[in-house]
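Each ligand, and each atom within it, is numbered from 1 in the order the structure gives. Excluded from the calculations below are hydrogen atoms, water molecules and symmetry mates; all remaining heavy atoms, backbone and side chain alike, are included.
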Amino acid sequence: MTLTELAAHVAAEFQKKYGRPPRWIVAAPGRVNVIGEHTDYNDGFVLPMAIERYAIMAADVSAVPGKISIHDTQFAETATIDISAPVAKGTPKWSNYIRGVIAGFQNRGVKIPALDVAMNSTVPIGGGLSSSAALEVCTATLVETATGKAIDPVEKALLAQTAEHEFAGVPCGIMDQFISALGREGSLLLLDCRSRKTELVPMDDPSVALLIVNTNVKHELSGGEYAARRAECEAAAKILGVASLRDANFEMLEPAKNKMSEVVYRRAWHVIGEIARTVDAAKNIRASDWIGAGKLMYASHNSLRDDYEVSCDELDAVVEIAESIGNKGGIYGCRMTGGGFGGCAVALVKTENVEDITKKIAADYKTKTGIEATIFVSRPAAGATVIKG
Ligand code: GAF
């Protein structure tokens, strides 16, 4: 479904639920990270792009004071949030992403009107494509539109990140909320997570495409593994005497090897290498060196699998199939994307081979794992947008 079709759909659902057309429609995209995994909370670089999958909300002021009613049209479930007091965690579980953002605006002293909302999302849930960041940034965009007070997109991303920390219990970095708020059509975003400076890296050559392969193995970051990785990185930085692993290098790591556990050493090894790979991949993509960028993607995957230990059999299976198809069959590189433990892989491919590659990956993945993958191409999309407002 295109964004225009999705907007028409959610507007019709709003009309059905509330008996009038919506006054506002806003959307925010999910993302795929091309390279730079588990580097954001180490002050490193990431290279994501917004994808053509969105969280979308249609809304109007409500006649019921002090309440926001949100109807999820996909799962036919309605959440009611009391905004007459400071918003706290509550049910259903998905409403916490919305609650967290509303609480963030309340903390800034923003007076939010009572709202009727219909929402939908085409970002797969638990697919590692940031369905939660899309929902958070979409909510923030709705609050901005309904109050007429836009905030700086960087502030908006940070507010959404705080919501994820405090209301979803995931101590995430800044990548997902940043790209959902700041994505640009036709470009990847090279984000320096320390300075928060962004650089657009054009990815509009029609001869190459990014193929997203959803293993359909659900990933869940609140399970503790993500927080454990973050703590291991902090431990490594402390031993190395640096503020974060962004300030470390291999020359510093080797002599400190006997001062840290083997696991902490390997985590640091991944992060130091991955930060460098991300900067190099951005250079390769700018120079249309697809082979060079693809090699870095495979190297990233191997490091995430062996040293960072956040891959899983199904993600490894997709990457092995991609390697077997190889440059000859039109695949330059492939890697797991996002937090890991399931979710999606991303492959850099020749556009002319997309159909054959899709068929081959689907068939071989089914044979290897018994699971049907969901495979699609996305062009780099724009970040959060106001469609009607
Ligand atoms: C998740 C987190 F939310 C991001 O901040 C990032 O750390 C990513 O995992 C791993 O690169 O998506």
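Within the listing of ligand 1, atoms 7 (O) sit less than 4.0 angstrom from a heavy atom of Tyr41. Every atom of ligand 1 is numbered from 1 in the order shown, and the set under 4.0 Å from a heavy atom of Gly173 is 5 (O). Using a 4.0 Å cut-off to heavy atoms of Met175, the atoms of ligand 1 that qualify are 6 (C), 8 (C), 11 (O). Proximity to Cys172 (heavy-atom distance under 4.0 Å) selects the following atoms of ligand 1: 2 (C), 3 (F), 5 (O). The contact set between ligand 1 and Asp40, taken as ligand atoms under 4.0 Å from a residue heavy atom, comprises 4 (C), 5 (O), 6 (C), 7 (O).
Ring-centre distance between Trp269 and Phe250: below the 6.0 Å cut-off.
Evaluated by nearest non-hydrogen atom to atom 3 (F) of ligand 1, the leading choice among Val46, Asp176, Leu304 is Asp176. Heavy-atom proximity to atom 7 (O) of ligand 1, evaluated over Phe178, Tyr226, Tyr308, is greatest for Tyr226.
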(request) Please lay out, stage by stage, how Glu13 and Met119 fare under the test side chain to side chain contact (heavy atoms under 4.5 Å, CB included). (result) CA-CA 9 Å; Glu13 291 288 331; Met119 70 162 218; over 6 Å; no
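Contact annotation for Arg31 and ligand 1: only side-chain heavy atoms (C-beta onward) come within less than 4.0 Å of the ligand.
The distance criterion of under 3.5 Å between nitrogen or oxygen atoms is not met by Ser130 with respect to ligand 1.
A single hydrophobic cluster is not seen to contain both Val143 and Tyr54; linkage of ILVMFWY side chains at heavy-atom distances under 4.5 Å, directly or through other members, places them apart.
Using bins of under 30°, 30° to 60° and over 60° for the plane-to-plane angle, the ring pair Tyr226/Tyr41 lands in the perpendicular bin.
Within the structure, salt bridge (charged side-chain N to carboxylate O under 4.0 Å, His left out) pairs that include any residue of residues 230-240 comprise Arg230-Glu234, Glu232-Arg267 (at least two apart or interchain). Applying the salt bridge (charged side-chain N to carboxylate O under 4.0 Å, His left out) test to every pair with at least one member in residues 190-199, sequence neighbours left out, gives these pairs: Asp43-Arg194, Asp192-Arg246, Arg194-Asp247, Glu199-Arg286.
The salt bridge (Lys or Arg N to Asp or Glu O under 4.0 Å) test with Glu144 singles out one residue from Lys156, Arg108, Lys149, and that residue is Lys156.
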